[in-house]
Every structure is written in structure tokens, then in C-alpha cells.
There are 2 protein chains.
Amino acid sequence: MTATTPGTSPDSAAAPVGRRERKKAATRRAIADAALRLFLERGYDAVGIREIADAADVSTTTLFKHFPVKEALVFDEDADQEQRLLDAVRNRPAGQSVPAALRDHALSSRLVAAGGDDRFAAFAELVATTPALRDYGQKMWLRHTDALAEVIAEVSGLPADDPACRALAHFALEAPRAVHGHDNPREAVTRAFDLLEQGWEALTGKNT
Amino acid sequence: MTATTPGTSPDSAAAPVGRRERKKAATRRAIADAALRLFLERGYDAVGIREIADAADVSTTTLFKHFPVKEALVFDEDADQEQRLLDAVRNRPAGQSVPAALRDHALSSRLVAAGGDDRFAAFAELVATTPALRDYGQKMWLRHTDALAEVIAEVSGLPADDPACRALAHFALEAPRAVHGHDNPREAVTRAFDLLEQGWEALTGKNT
DNA sequence: CTCAATAAGTGCAACAGCTCAACTTTTTTA
DNA sequence: TAAAAAAGTTGAGCTGTTGCACTTATTGAG
């Protein structure tokens, strides 16, 4: 879940550094673009590393210097997805609970699809239909557990090492996966978050 | 988490079937035993498939006919761990909530360790210190999500396709992992389940 | 401006996990 | 007793991934 736009990525707030780093970034993008194109054309498992390297005109060694594993070619990491996640909790509307903020964030960022960006839809389907990619995506997503748990402790006033914070963080990040397979994913996710919200309210005494 | 005793497995309620299946089981155990011995001696990553096959005096092809992937050599599946899980929910003490039953089950079956079976301790450490094994174990454990969700729906009277059932099942199975790393795991797990219990109580209206 | 230090990239060989295609042996079924 | 099915074997081979030794290109310091 959550990766940069397929193809040419939006060069966000990239420091306009030396010529060296620019070349490096160019190579990186050449590889990622070639990979994504091939994956979309013929499927993830049907495309080999050597083939991608050839298409990008680099050696496999170089490829692995940019991407540690094959799956990473698809999840061309978005540097500030974690920041957005934490912001969603910190800057939530007044009176909204933490779980509710996390629910809204999940609903708006994932499987929103509606927008109709064609390339993005194809990308989402690729991930959804390839087990290796789903697993890897979820693993990457869970990397934010610690940071999220910390912010939750912050805004809720609980001690930073209260296991309840980590639990809520983990469960919230797992929520989409937990209800996977339901028709109407939005409703399912909402219901999963209801469980967390009610529990959290009881644990923290109804405040925030 | 949760696998048979290391080494010779307890041949539970094995149907005393034909000579063929006995030989098959013997081969299987020879492989699993050789693998576990080598893993404990030198570490999971330091032992290759070919080496295990040699030690058990079979070909690698044969090995993979018994165990689909390398990790499965360690998790020599316990057939009725799912049954015990479901029973813990179905036959819980009168007046106990579903999440509480799941908590008790988690606390008693996992990391109980205290008993002091030496071989089991070494086995547990092997799993705990090898990321590939931890991940695989969790994945296997999550396989019970569907069955558990069904039982939860049953005993709580909710519609079988209510996403809340799947959510509770998934979260409960993830709970140990969610609070991983805390000193005093029992307390941490308990707190994670508190969150679920309070939420569940609110969703189901305090009954069961 | 030159020169060494550093980082990016190359080519190739090799390993580890895993699969495939044929073929043999044993057991079961008919 | 013949034939079908299951288990095993061999051996080659594919794919992801790493290590090693080596070539450039960029850069920063003197």
C-alpha cells in the first residue's frame, strides 16, 4: 500500500544537489520505470531481474544497489507517507478521536481509486493480485508502527511505553488487511475501526 | 508460534494405516529431525537445503515433496492447534467474554515457557531470533482467521459476514506480535486484549 | 588545476531456494 | 496378474541475490 505514482514520480521537494546525485536518481528511475512497465505488461512473476536490468541498460548488480529486493521495484518508497500518517493523528479535527482520525486517513489514502487515474488503478490491481507484493507492502506499512505508537502516546497523554499505544497503532495499520475480501471495503474498514474506537474510548476515558 | 515439540513429534491420534503411509511418515520425520538438529547446531541460515537432504539421505526433490518451503521444516504442523483455538472460544467459562477467552488462550499457549523443557526452549529461541521463521510462523497462525471469525459470529449471534467478526479474529491473532518487544509480555498482551474487549463489549451490547 | 578519495557502475561467477521432466520402484486396486 | 497410482530418484536448470575484482566519473582539498 502507498507508493509513489507509477511511472515518472513527482519530484517532490528534492534538493537540487550535485550532478552526481542527479545521475544516480536518473538511473534509479530508469530501473523503476522499466520494471513497472514490464510488470504491468506481463505480470510480476513473469518478469525476471535480469530482464529488467537489460531493459534499463544496467547490470543486475547495479539494480540491487538501488533496490534491495525485487518487490522494492514496485514500492518505490514515498519518503513522507509516514509524515502524512502522523499528521493525520496530530492535526485531526477538534473533538475527533484518534482511531477515527486513523480511519479517515485509511479510507482516504487507500483503495480510494474513485479518482480514476488509469495508471494508478492498474498499479493497484497489480499489487492486489500478487501475493508477494501484498505481503511486502504490508510489511513496509507496518514499519511505521513505532512512530505511530509514539504519537498516539503523545496526544493521548498515556505513558509512552503503554502497550495499549502500540496495540492500537498495530491494529490500525492492520485494519485494511484484517477485513480483506469483503465486498464494500469502505464499510468493512469502518466497522473494524468501530471496534478500535469503542475500545480506545473505554481505555482512555472518553476524552480526545 | 505454536508447532509440535521439537525432535520426535507426539504422534497424537494417528490412524494406524497401511505400510505405505508409515514409510512416508518415517521419511518425513527423518527429514524434519535432521533439519531441526542442524538448525539448532549451527543456525537456520547457515544450513542449506542440500545439506539437510543429504543428512536425511533423500534428494532435495523428495524433501520439497514433504515440505513446501524451507521454513516449513521447522513448523512441523500441529494438526489440532486450530481445534484448540476454536474450542477455547466455544467452551469458555460461563460469563466470560470472547476476547477474554482468546486472551487466556494466547497467554497459556504461547511463551508459557516456564515449564522448562530444555529442547523446547532452544526451539523457541531459534524461532524468535530468526526473522524468516517469525514471519512464517505468524503467517501460518493467521491461517485460522476465517475459522475463528466464523466461530465468533456463531457464539455472538452476529451475522456471519459482519466485518467486526473478522476484525476481532485478526486482531486477536495479531495481538502477541502487536506488542512484541515489551518487557513483561504477559502484561503487554493483556493490555492489548483490554482494548479489544472493551471495544467488543460496546459493539455487541455487553452480552456474552 | 591537479590528484587522490569516494561513489556509481560493470561483468561474471556462484550460491541458495525451488521446480521440472523423465524414469524406477513399491504399493494398491481390479 | 495386470494396470493404475504413489513415492522416490536423478539431474539439470531457473530465479533471486551476493561477492569480488575492476573501471569509470565526480568531487573536494591543496
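Residue numbers start from 1 in every chain, and the chains themselves are labelled A, B, ... in the order their sequence lines are given, proteins ahead of strands. Please read all numbers here as calculations on a predicted model, not as lab measurements.
- For A:R50 against D:dT17, a side-chain-to-base donor-acceptor contact under 3.5 Å is present.
- At a threshold of 4.0 angstrom between heavy atoms, the contacts of A:D57 are confined to the sugar-phosphate backbone, with no base atom among them.
- Remark: A:R166 is not positioned above the aromatic ring of A:F171, lacking an NZ or CZ atom under 6.0 angstrom from the ring centre and at most 45 degrees off the axis.
- Along DNA chain C, the nucleotide nearest B:E71 and the nucleotide nearest A:R28 are compared for position; the residue whose nucleotide lies closer to the 5' end is A:R28.
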Close N or O pairs between protein and nucleotides 19-22 of chain C (under 3.5 Å):
from, atom 1, to, atom 2, distance (Å)
C:dC20, N4, B:T61, OG1, 3.3

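- Atom CZ of A:R22 and atom C1' of D:dT27 are 14 Å apart (whole Å).
- Listed pair A:S59 / C:dT10 meets the phosphate criterion, a side-chain N or O lying under 4.0 Å from OP1 or OP2.
- Note: B:H144 and B:W141 have perpendicular aromatic rings, judged against thresholds of 30 and 60 degrees for the angle between ring planes.
- Atom-to-atom, CG of B:D54 to P of C:dG17 comes out at 13 Å; the value is rounded to the nearest Å.
- What separates CG of B:L63 from P of D:dT10 is a distance of 14 Å, to the nearest Å.
- A side-chain hydrogen bond (donor to acceptor under 3.5 Å, both in side chains) with A:D76 holds for exactly one of A:R28, A:R29, A:H66; it is A:R28.
- Computed from coordinates, the A:D45 CG to D:dT15 C1' distance equals 11 Å when rounded to whole Å.
- Distance A:K23 NZ to D:dA25 P: 7 Å, rounded to the nearest Å.
- The side-chain heavy atoms of B:V98 and B:V151, taken from C-beta on, include no pair separated by under 4.5 Å.
- Taking both residues in full, the closest heavy atoms of B:A132 and B:Y44 are given as CB-CE2, 4.3 Å, listed atom of the first, atom of the second, then distance.
- Contact check, A:T62 against C:dA8: no side-chain N or O comes under 4.0 Å of OP1 or OP2.
- The side chain of B:H66 approaches D:dG8 more closely than any other nucleotide in the set C:dT10, D:dT26, D:dG8.
- Under 4.0 Å is where a charged nitrogen must lie from a carboxylate oxygen, and between B:K139 and A:D135 at least one such pair does.
- Ring geometry for B:F75 against B:Y136 counts as tilted: the plane angle lies between 30° and 60°, on a 0 to 90° scale.
- Atom CD1 of B:I49 and atom C1' of C:dC18 are 8 Å apart (whole Å).
- As a whole-Å value, the separation of A:I52 CD1 from D:dT15 C1' is 11 Å.
- Rounded to an integer number of Å, the gap from A:E51 CD to D:dT17 P is 16 Å.
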